[in-house]
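Below is one structure, written out as structure tokens; the observations come after it.
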Amino acid sequence: MKFKVLALIGVSLAAIAPAPLGAAKPVYGTWGYDAAAMDRGVKPGDDFFDYVNGTWAKKTDIAPDRTFVGIDSVLNDQIERDVRAIVEDMAKDPSANGKLGQQIGDLYASWMDEAGVEKLGTRPIEPYLKRIEAVKTRGDLVDLFTEPGFESPVEVSIYPDLKNPTRYSAYVSQSGLGLPNRDYYLLKGEKYDAYRKAYRAYIVTIEQLAGISDAQARADRIIALETKIAKLHWTPEQSRDVDKAYNPMTRAQLRAFAPQLDWDRALKKLGLGTAKKIVVSEKSAVQGEGRLFASVPLSTWKDWTAFHFISANAQYLPKAFDEAKFDFYSKTLRDVPAQRARWKRGIDMLDEALGEGVGQIYVQRHYPAESDRQMHELIGNILGALKTKIENAAWMDAPTKAKALQKLATFDPRIGHPPKYIDYSSLVVDRGDLLGNAIRSDDFQWKLLLSRYPRPVDRSLWDMLPQTNNAYYDPTQNQITFPAAILQPPYFDPSADAASNYGSIGATIGHEIGHGFDDQGRKFDAHGRLADWWSPATAKLYTGHADRLVAQYNSYEPIPGVHIKGQLTLGENLGDLGGLEVAYAAYRKYVAEHGEPPVIDGLTGDQRFFIAYGYSWETKQREGALRAQLLTNEHSPAKYRVNGVVRNVDAWYKAFNVQPGDRLYLPPDQRVHVW
């Protein structure tokens, strides 16, 4: 069984923005916003995203090696440069920086040694392909599925149990596809026919490069198998329903449920031989994939395994393999014309293999104590505003309100970096063995999880690196996490205007906290347990609000013929809307304490607040990447994370005098309010 470190439910990819007002001049503009981005020819009530970012969008091109450009890419570029300096310092003289320095330097050097990779050719993969060829029984193949580097039709993962989050459980979920998800196999139309044709050509190319015979016929068999798997897979909307996706089974129940997958053999090989309970996520898909495993010829499964091994590791092989993978997955599927510089991709590999080791050095160099102080202050203000919102929520009855306040009181904000870092000393890194380094890293990550599995869950562990430009909410631990990398301009500026900070970083803090009360996060109680703590009447009112938001987003069509999936994106849309509502309430509390702010650049404080929110989503995206996001991702495109949100916020209408007839105008009775 393929193993995987799963992201926890509710993880957000939100953009981040500035912080409290200081004495120095802001990095961007006079108050934290680059006014040159604005298109004053657009009415705020017609298209608020373009009003805030329109001129920038017209003048800015997407770099040929990226899927998007925007606020996030500015900071991502800076983070890459900062990490590169760390890594190259280690690579120059690894022995001078201890064991960790040796590992970082040697891993990066193994990636950057293109000549060495070319010289080795296909020799690194030959032992793995011989192992696949030697498979004689389905049991032999199950053994391969459990080993690092090999794919599997189902995934086995370890993370906190949803109903007892103080302990870990093993989870089994659907897998087995080479295209992004089931839609790419099943949707009709020329665009999807072209994707499937290109995928077949990619399989043929990869197998021919590896010296595998009869590649055309093998490709046809692989695609036929994956199409059958795709028909079994749950939709993304179904998979994110935690109630339906939590199906605990005893070992005996699992054996009876999908006996073809030889669970006892697989779990023993994975180091989970003593596990008494396994949680199955997508029940019908896992059961169906078990039947496919038994009915599809073993030779076809061997073809599938060989292709997926080579494809998954193509970036560690000669340039022809690497370029073939890029041409299909990036150029064809996401419209990216040029491969990223090799050093940038080397940074990505280091983050995957030695991420907290690199992050430890990153924090020492780039995370000031003042950022930590100000973030805790802002979070406190947002929590206070949400407490008031809950206390005054007319749609929430008293018993549910009491439990909501209890949950809010147990929120655990984590800022900057973990209190302790992963010890990578047992990971073997060899400058001359790039593929081996990657596979040993996978093995290390799995064994790290296994070492934690028997113990109580350690709440101090992080699921994101300090050098990651991102933030997340973990419902099983009731924690919000903001890594060090996001706490700098253009997102976090201690010298920016308060309106800018509350509209950007404040809305993001509100968004992450709001995940605790979104359509899935609300199903977890104050202790992080999957439990129903809502009264039926309050839950019905909440669901009514949520259904109206689903309908709004279903109506948006970013690409002709491709709509936003309102149910898939509901949790993030609720987080955006609730986060902005709470951040605005916190901002007005700030104003009440400090006085109404002056007009700056002809803009009131409230106008600056909403403009800062729109600016924090400044993004321009390639169509292929946008299409993939619409089909697979729980986040709405950036433009709709602005326009789809502000049109539901009463204060935005007042701030910009939005009137009936403006394109974003919604009558008051059609506006959705989370809080």
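None of the values given here were measured: they were computed from a predicted structure. Computation of the quantities below employed the complete heavy-atom set of this structure, encompassing side-chain atoms and omitting hydrogens, waters and symmetry-equivalent molecules.
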(request) For Asp82 and Gln78, test the side chains for any donor-to-acceptor distance below 3.5 angstrom and give the result as yes or no. (result) yes
(request) Answer yes or no: is there an ion pair linking Asp161 with Arg167, defined by an N-O contact shorter than 4.0 Å? (result) no
(message) Could you tell me if Asn573 and Gln552 have a donor-acceptor pair between their side chains, going purely by distance under 3.5 Å?
(response) no
(message) Nearest 0.5 Å, please: how far is CG in Asn470 from CG in Leu465?
(response) 10.5 Å
(message) What's the separation between atom CD in Glu512 and atom CD1 in Ile382, rounded to the nearest 0.5 Å?
(response) 12.0 Å
(request) Report yes or no: do Asn478 and Thr410 form a side-chain donor-acceptor pair below 3.5 Å? (result) yes
(request) Answer with yes or no whether the side chains of Asp525 and His527 bring together a donor and an acceptor at under 3.5 Å. (result) no
(request) Applying salt bridge (Lys or Arg N to Asp or Glu O under 4.0 Å) between Arg588 and each of Glu596, Glu593, Glu581, report the one that passes. (result) Glu596
(request) Compute whether any side-chain donor of one residue and acceptor of the other, for Ser500 and Asp497, lie under 3.5 angstrom apart. (result) no
(request) Please confirm whether Phe48 and Tyr613 have ring centers closer than 6.0 angstrom. (result) no
(message) Using the ring pair (Phe, Tyr, Trp, His ring centres under 6.0 Å) criterion, which residues pair with Tyr33? Sequence neighbours excluded.
(response) Trp31, Tyr615
(message) To the nearest 0.5 Å, what is the distance between CZ on Phe610 and OH on Tyr584?
(response) 6.0 Å
(request) Keeping the roles fixed (side chain from Trp617, backbone from Ile71), state whether a donor-acceptor pair exists under 3.5 Å. (result) no
(message) Could you check whether Arg414 pairs with Asp474 (Lys NZ or Arg NE/NH1/NH2 to Asp/Glu carboxylate O, under 4.0 Å)?
(response) no
(request) Could you list the residues that satisfy ring pair (Phe, Tyr, Trp, His ring centres under 6.0 Å) with Trp534, not counting sequence neighbours? (result) Tyr542
(message) For Asp601, is there an ion pair with Arg608 - N to carboxylate O distance below 4.0 angstrom?
(response) no
(request) Would you please say whether a donor-acceptor pair under 3.5 Å links the side chains of Gln520 and Lys523? (result) yes
(request) Enumerate the residue pairs fulfilling salt bridge (charged side-chain N to carboxylate O under 4.0 Å, His left out) with a member in residues 642-654, sequence neighbours excluded, ordered by first and then second residue. (result) Asp650-Arg671
(message) So, taking the atom named CD in Glu572 and the one named CG in Asp518, what distance separates them when rounded to the nearest 0.5 Å?
(response) 7.5 Å
(request) Give a yes or no on whether the ring-centroid distance for Tyr362 and Tyr367 is below 6.0 angstrom. (result) no
(message) Looking only at the side chains, is there a donor atom on one of Asp412 and Gln477 sitting less than 3.5 Å from an acceptor on the other?
(response) no
